[in-house]
Each structure stands twice: as structure tokens, then as C-alpha cells.
Visitor: 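Below are the C-alpha cells for one structure; questions will follow.
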There are 2 protein chains.
Amino acid sequence: MSPRRRPNPSLAADDRAFLESYRPDDYERPSVAVDVVLLTVSEGALRTLLIRRTEQPARGAWSLPGGFVGMAESLDVAAARVLETKAGLKRIFLEQLYTFGHVKRDPRMRVISVAYYALVDEAIVRGAALASSDANRVVADVRVAWDGIVGGPVQAVGPNRSPLPLAFDHEEILATAVRRIRGKLDYTPIGFQLLPKRFTLRRLQEVHETILGRAVNKDAFRRRMLASGQLHATGTLEDEVGHRPAELYEFRERAAI
Amino acid sequence: MSPRRRPNPSLAADDRAFLESYRPDDYERPSVAVDVVLLTVSEGALRTLLIRRTEQPARGAWSLPGGFVGMAESLDVAAARVLETKAGLKRIFLEQLYTFGHVKRDPRMRVISVAYYALVDEAIVRGAALASSDANRVVADVRVAWDGIVGGPVQAVGPNRSPLPLAFDHEEILATAVRRIRGKLDYTPIGFQLLPKRFTLRRLQEVHETILGRAVNKDAFRRRMLASGQLHATGTLEDEVGHRPAELYEFRERAAI
DNA sequence: ATAATAGTGTCTCTCAGACACTATACC
DNA sequence: GGTATAGTGTCTGAGAGACACTATTAT
């Protein structure tokens, strides 16, 4: 049962002696899970991947993709694994969000959930396995009822405009993710993660407006983005747009796990 | 062994039926701990409470106060309990920081640590039980070797100016806490938590300067603080200062767990 | 030519930084 | 009065918002 029986050679001798006698099973332990809020911007709406629960508890309700943390994988790796197995997505921007640990948040047993959020271009979402017509998966609209980063309730809405009930405390997790990215947007170039490699400033501005839930000033936005030094003009223009084409930009570096 | 045997009456009938058959012990689980970075500002230095480990592993190294999460307590409650039992402090500002889950961060076994940070007035630290001359407790200086919120290494230094080696990944946790409060200071009134109920603007500015590790503009600081609406002038002045006394202010509300 | 959006130049307003000045306590 | 800090008034520079204007492509 012990996760690491092999003594670590870098430990001091008395550390090793201690390990021999230590009995981890003497203490009752909670389960630890990761839940991932996969966010994308599509058609001017903030959207997230939800999976319908087919088993108890909360069968039929919608939940964030998640899974239990393996004994030999770090939290980051567990979150990336969940993203790959449940959404078919690899090498996506992924950051830890918050850890939810209320005693009764899962009726089965004590489950502590380390929540992550991921940002991904909508085109990748469409191309991934989750695009297959699976009635138990949906990329739901996220309706946010508050301004700025004050926080508050959110609602997931399905393609047919019907509200989707969320299992456990997943509405709180989703709301926390929205609050976090709204706050991060003010001082980090997080919006790039939601766009393809090349994009126009107009598209980037639309992403910001969608996340923030309000219009932003076009001139100031352009100036601020270009002054940040994070953007690289490619010299090429978009095409087939029916009006004057805009220049395509790239983000200088692209974080991924 | 199961944490909650009593059926929850609010559950649907099939949820209850599921609970009867669910066997949480089928899966191996990690241990979950909380570690608390207790920060205070004293004599122009950022300081934190450290406890010397008297048992293996890492006996003799210094560690953040911490403890395992009980099966019937939430993470917030566990952190507050640690603060009370290990530092004798109650009703202190306490917020979740980050969750550390590298597989080998603890050589004994898989331990996932949910880190919290707490901010407290130095006078309370001095009055608490931890002031008792315990050679295994120290309020150490935190030396920060980087500017702004870029992050980097930190070092804990004892009263005799000797560096204190930290156990496990506690240096990383401490550095994460410093990074977090530096960032929060830019847009939230977090500095109040490190001062007594009544304080002068000068003291508040000193706290900000200590946390940020740099001087801040006096005029702009006063204007910004007074304009924030978070401060309430008491009308009384400090006394016995040997020069013109400053007005005492209060923070409008004081968060605590 | 017309429509539609890309992109720029400029003015103003707000706010932070800098600095000088006055105010008020203890000695 | 001397000294030290509290607190204010004002100038300046940086950056966001607003708005007008030019540029460029498809139809």
C-alpha cells in the first residue's frame, strides 16, 4: 500500500531509518481529485466543456471534467491527463485555480478537489474528439451575472438555450474560474491562449470583451497591446473578409503543460 | 472507516442506494495537509513563523506550521486550527494560497499540501503564546531577492542573522506567499491586516514598503489610500512621538476566519 | 463609387510622481 | 526658536478614452 517503498538515496541515514518505521496507513485520508474548467471563446460567448454524469451520485447533472489524482502523478500532470482523456486535448494552457475542500461537497465521501482552468482556441475544441456527437458532452455557454471581478453566480446554458444544472460545487468552481481570468486579463496577456497562432487585433479585442463582459476602447486596446511587446507583427494580412484586411499578429511565446 | 455513514436525507433515493454500495477504500489515497505562512511586519522587515522539526523526516530543519486535514473539517477550518494550535492565534486574516502536490515533496509518503497565508499585527504575534521562549519556534526574517511579482528565491534568517534551512518545499511555499501578497497589495487593501486597529498613514506606508521591498511615493500613497474609501479617520491623534502627531485611521472592515 | 473595417493623429482627462510649502507637535 | 514629521497645493508626465481622419480591400 505504501506509495514509495524504495529508500531515496539522497536522504540522510536517520531519515531512512524513520521511513522504515513510518506507517502512513495509520491515518484516515481524504480522496483528492482534479477538476478542469476548460474555457474557450466562440461566437462572442464564453464557453466551457461539461460532461453529463452517467453514474451516481448526481446522475444526469452536468459536471466539469475531472478525475482522481494518481499516487504517482503530480497535480499538474493529473489535470493534463484529465484534459487529454476527457477532452482529447494535449499541450493546452493550464493553471491551478483553487482547491475546494468543504466536507460535504461530495456526498459519497470526503473529496478534496484541486481545480484547474484551461484556455483553448475554439478551433481546437471543434477539432478534438469531443466534437463527436456525444450526448453526454456539451460545450456550454457561461452566463455571468456580475461585472468586473466582484464575483457572483454563473449559469451554464446548453446549445438549445436550456440551463444545465451542475453537480456538486461545480458552479462555484466555474464562477471562480471566470473571476480569475477576468482579473488576470488586466495585467497578463492571457487572451492569446484562446486564439489560434495567428490572429488580428480585432479578434483579440473580441476575446477580451467576451471575457470581461463589456466593450473595451478600440484605440487604447491597440496601443496597450502593441506597447506591451508581447505581440509580433507577421507582415501578412487576413484575406477573404469582404473589407480591408487586418494584419495578422503572433504571440511571442506560448505557455503549455 | 467511511467518513459519512449516515445517509443524507436531501439525497435522491437512487443516490442513497449508490452510497450503500460505494466502497471508498477501493482506491489508494494521498494524505492532505495544510501549511500556513504566517506573515507579519516588524522593524521594517517581513517576518514569518517557523517551527523546528523535532522528528523525522528533516529533523532539525525549519518548517511552516502545518498539520493534516481532519476528515470532518474543511480546509479553511484546518488552516485556522493549525494557526491556533501552533501559534496560539485566533481570528486572523487567512486566505488560501496554492496547493503543492509534487509526488516526492515529502519523503515519507504522498502528501498534498494546501498552503494558506495569514497576515497579523506584530503586536499580536508578540502577545501570543509563541512569544514564550521556545527554541523550536522562531519569527524569522524573510529575505526576498527579487523585485515586483516576478518571483524567485527567498531566504529565512533567524534573529542571530543565521540562515534557516527550510524543510520539504517550504521555501517554495514561502516564496509563493510573498509573490501573492505583493501582487494583491496593488489592488486590494491587504496591508491593514498587518497593523493594529488604529494606525497612522505613515505606518501603513511602511508596511507597504516592507512588503514591496521598495520605497513608495508618500503623496501619491496618501491620496490613493484616502481616495479608496477604505479608511476612516478617527479624529484622534497619536501621542508621545516627539514631533507633530499624525491622525489615526481605521480600516472600515476587517476580514477574519 | 460605395461599404466596411483597419489603422493613425490628436486632444483631453485622470492619476501618479515630484517638489515645495505650510502646519503642529515636542524639545 | 529648533527640529522633525504631518499634511496640502501645484506642476508635470504617462496613459486611457474619445473622436476625427485617412487607408485599403471587396463588391
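Every heavy atom of this structure was used, including side-chain atoms; hydrogens, water molecules and symmetry mates were not.
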Visitor: Rounding to an integer number of Å, can you tell me how far B/Leu237 CG sits from C/dA25 C1'?
Guide: 9 Å
Visitor: Using whole Å, report how far CG of B/Asp186 lies from P of C/dC15.
Guide: 17 Å
Visitor: Nearest 0.5 angstrom please: A/Phe192 CZ to A/Leu231 CG, how far?
Guide: 4.0 Å
Visitor: Would you verify whether the NZ or CZ of B/Arg182 falls within 45 degrees of the ring axis of B/Trp146 while also being under 6.0 Å from that six-membered ring's centre?
Guide: yes
Visitor: Could you tell me the separation between the CD atom of A/Glu247 and the P atom of C/dG7, rounded to a whole number of Å?
Guide: 6 Å
Visitor: Taking N and O atoms by type only, does the side chain of B/Arg244 place a donor or acceptor under 3.5 Å from a partner on the base of C/dA23?
Guide: yes
Visitor: Separation of A/Asp219 atom CG from C/dC13 atom P, in whole Å?
Guide: 17 Å
Visitor: Sequence neighbours excluded, which residues qualify as salt bridge (charged side-chain N to carboxylate O under 4.0 Å, His left out) partners of B/Arg47?
Guide: B/Glu43, B/Asp141
Visitor: Is it true that B/Glu95 and B/Arg180 make a salt bridge, defined as a side-chain N closer than 4.0 Å to a carboxylate O?
Guide: no
Visitor: Please state whether the base of D/dG17 and the side chain of A/Arg223 form at least one donor-acceptor pair under 3.5 Å?
Guide: yes
Visitor: Between B/Thr40 and B/Ser42, does the side-chain hydrogen bond (donor to acceptor under 3.5 Å, both in side chains) criterion hold? Intermediate values first, please.
Guide: CA-CA 6 Å; B/Thr40 189; B/Ser42 179; over 6 Å; no
Visitor: Which angle, rounded to 10°, do you find between the first-five-pair axis and the last-five-pair axis of the helix from C/dA1-D/dT27 to C/dC27-D/dG1?
Guide: 0°
Visitor: Is the phosphate of C/dG7 approached by A/Arg222 (side-chain N or O, under 4.0 Å from OP1 or OP2)?
Guide: yes
Visitor: Checking A/Asp186 against B/Tyr187: is there a side-chain donor and acceptor pair closer than 3.5 Å?
Guide: no
Visitor: Which pair of heavy atoms, one from B/Pro65 and one from B/Lys86, lies closest together, and at what distance?
Guide: CB-CB, 4.0 Å
Visitor: Nearest whole Å is fine: how far is D/dA23 P from A/Glu238 CD?
Guide: 20 Å
Visitor: Calculate the interatomic distance between B/Leu248 atom CG and C/dT24 atom C1'; express it in whole Å.
Guide: 15 Å
Visitor: Check the distance between D/dT8's C1' and B/Phe221's CZ and give it to me in whole angstrom.
Guide: 17 Å
Visitor: May I ask you to decide if the ring planes of B/His208 and B/Phe221 are parallel, tilted or perpendicular, using 30° and 60° as cut-offs?
Guide: perpendicular
Visitor: When you check the gap from the basic side-chain N to the acidic O, do A/Arg203 and A/Glu247 get nearer than 4.0 Å?
Guide: no
Visitor: Rounding to an integer number of Å, can you tell me how far B/His243 NE2 sits from D/dA6 C1'?
Guide: 9 Å
Visitor: Give the residues of residues 200-218 of chain B touching DNA chain C, defined as any heavy atom closer than 4.0 Å, sorted by residue number.
Guide: B/Asn217
